[in-house]
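In what follows, a single structure is set out as structure tokens and then discussed.
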Number of protein chains: 2
Amino acid sequence: MKKIDILKKLRSSGLRPTKQRVEIAKFLFEREKTFHFTVESLDKLLAKKTTSKFALATIYNTIHAFKAAGHLSEVEVKGKKTYFDTNISNHHHFYDSENSELIDIEANEVVFQKLPKAPNGKKIKNVEVFINLKN
Amino acid sequence: MKKIDILKKLRSSGLRPTKQRVEIAKFLFEREKTFHFTVESLDKLLAKKTTSKFALATIYNTIHAFKAAGHLSEVEVKGKKTYFDTNISNHHHFYDSENSELIDIEANEVVFQKLPKAPNGKKIKNVEVFINLKN
DNA sequence: AATTAGTTTATAATAGTTCTAAAGTGAAAA
DNA sequence: TTTTCACTTTAGAACTATTATAAACTAATT
């Protein structure tokens, strides 16, 4: 994914490609593998890997904008911090609490033989599988 | 589950049965069905349903003590609040985001045909299935 | 009844996140 | 281009959920 694609990605989402958004988007999306992060970890990584400065509020604004645009998904992990994932396809997670690390599980790695049906009047939006790991 | 059982439950967990703990335990555990709550919702319910007063810190202390004793489990839900569950058996959840409501799914309602194996050197501690609902 | 270790309480402190409003900036219009 | 202006960034304040503190209280043992 090259810089021009980042600009397209932002513009097509109605996000003005500011210096900060472009840098954060490049950092997040110009990768081979999916990337899991918290705002805190992203803040530290940006400080280390880039020369720009980002207000913490800008990082929050930006990842919220990216999430709203469908470029990031949110993963539920025990603890207070919110985790984000650059993998926005339907998939699942391993969670290694030893080092607070998330690992993606492709959707086709999980097949159900039996699943309950949704309660009265409700429909199933999606099914998330979370596999906790130990040593 | 009668009062005498509550006292036994507390004592056998090394928890001195104080007035507050007994009341909260009765409120939580003298039920037919499992009960899901946040500290905030529990605080409001206790204020409404009992005549005693509980400091918020006491509610936190108490549910942490109950959780440490294995009488409550914690459920991960998107959002900042921590949800607790009086169902401590291995099971799963529906989540209805319309009204922030959790619904239990018995373990035997979910059967896997395929599950990934744990990464290098890790073992699977447990598998949690979370089914998001919509209308 | 006296002692004491565990508990409750109000309040302060903390962590993560969101809000605010002033200053800055992309991009459309002149 | 320059001007304009809506959108964005920023620092710091505010907020929310939770945890820590330390003094007052209490269950249970002596």
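In what follows, every chain begins at residue 1, and chains take the letters A, B, ... in the order their sequences are listed. This structure is a prediction, so every number in the text was calculated from the model and none was measured.
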Report yes or no: do B:K122 and A:N135 form a side-chain donor-acceptor pair below 3.5 Å?
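Yes, a side-chain donor-acceptor pair sits under 3.5 Å.
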Between [options], which nucleotide has the shortest distance from any of its atoms to the side chain of [X]?
| X | options | answer |
| --- | --- | --- |
| B:R21 | C:dT7, C:dT18, C:dA15 | C:dT7 |
| A:L56 | C:dT9, C:dT17, D:dT10 | C:dT17 |
| B:Y60 | D:dT19, D:dT8, C:dT8 | D:dT19 |
| B:R11 | C:dT8, D:dC7, D:dA28 | D:dA28 |
| B:T58 | C:dT8, D:dT18, C:dT17 | C:dT8 |
| A:H64 | C:dC19, D:dT18, C:dT18 | C:dT18 |
| B:N61 | C:dT18, D:dT19, C:dT9 | C:dT9 |
| B:A57 | D:dT9, C:dT8, C:dT11 | C:dT11 |

When you match B:V39 and A:K53 each to their closest nucleotide on DNA chain D, which lands nearer the 5' end?
A:K53
Are the side chains of A:L133 and A:Y95 in contact, using a 4.5 Å heavy-atom criterion?
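Side-chain contact under 4.5 Å: no.
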At 4.0 Å (heavy atoms only), tell me whether B:T82 reaches a base, stays on the sugar-phosphate, or touches nothing.
sugar-phosphate
Find the distance [X]:[atom1] to [N]:[atom2] and express it as a whole number of Å.
| X | N | atom1 | atom2 | value |
| --- | --- | --- | --- | --- |
| B:K19 | D:dA28 | NZ | P | 14 Å |
| A:L15 | D:dC7 | CG | P | 12 Å |
| A:F84 | C:dG16 | CZ | P | 14 Å |
| B:L10 | D:dA27 | CG | C1' | 13 Å |
| A:F54 | D:dG12 | CZ | P | 19 Å |
| B:I59 | D:dA20 | CD1 | C1' | 17 Å |
| B:K81 | C:dT17 | NZ | P | 16 Å |
| B:D43 | D:dT16 | CG | P | 15 Å |

Test side chain to side chain contact (heavy atoms under 4.5 Å, CB included) applied to A:F112 and A:V110, step by step
CA-CA 7 Å; A:F112 293 97; A:V110 174; 3.9 Å; yes
Could you work out, with side chain to side chain contact (heavy atoms under 4.5 Å, CB included) as the rule, every residue matching B:H93, not counting sequence neighbours?
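B:H93 satisfies side chain to side chain contact (heavy atoms under 4.5 Å, CB included) with B:H36, B:V75, B:D85, B:H91, B:L102, B:D104, B:F130 only.
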Can you check whether A:K80 has a side-chain N or O nearer than 4.0 Å to OP1 or OP2 of C:dG16?
no
Phosphate oxygens OP1/OP2 of C:dT9: is one of them under 4.0 Å from a side-chain N or O of B:Q20?
yes
Start with the C-alpha gap between B:R16 and B:R11, add the side-chain angles, then the distance that decides, and say whether side chain to side chain contact (heavy atoms under 4.5 Å, CB included) holds.
CA-CA 6 Å; B:R16 185 185 290 181; B:R11 274 195 235 276; over 6 Å; no
DNA chain C: B:R16 or A:T18, which has the more 5' nearest nucleotide?
B:R16
Mark yes or no for whether A:T50, through its side chain, and A:A47, through its backbone, hold a donor-acceptor pair below 3.5 Å.
no
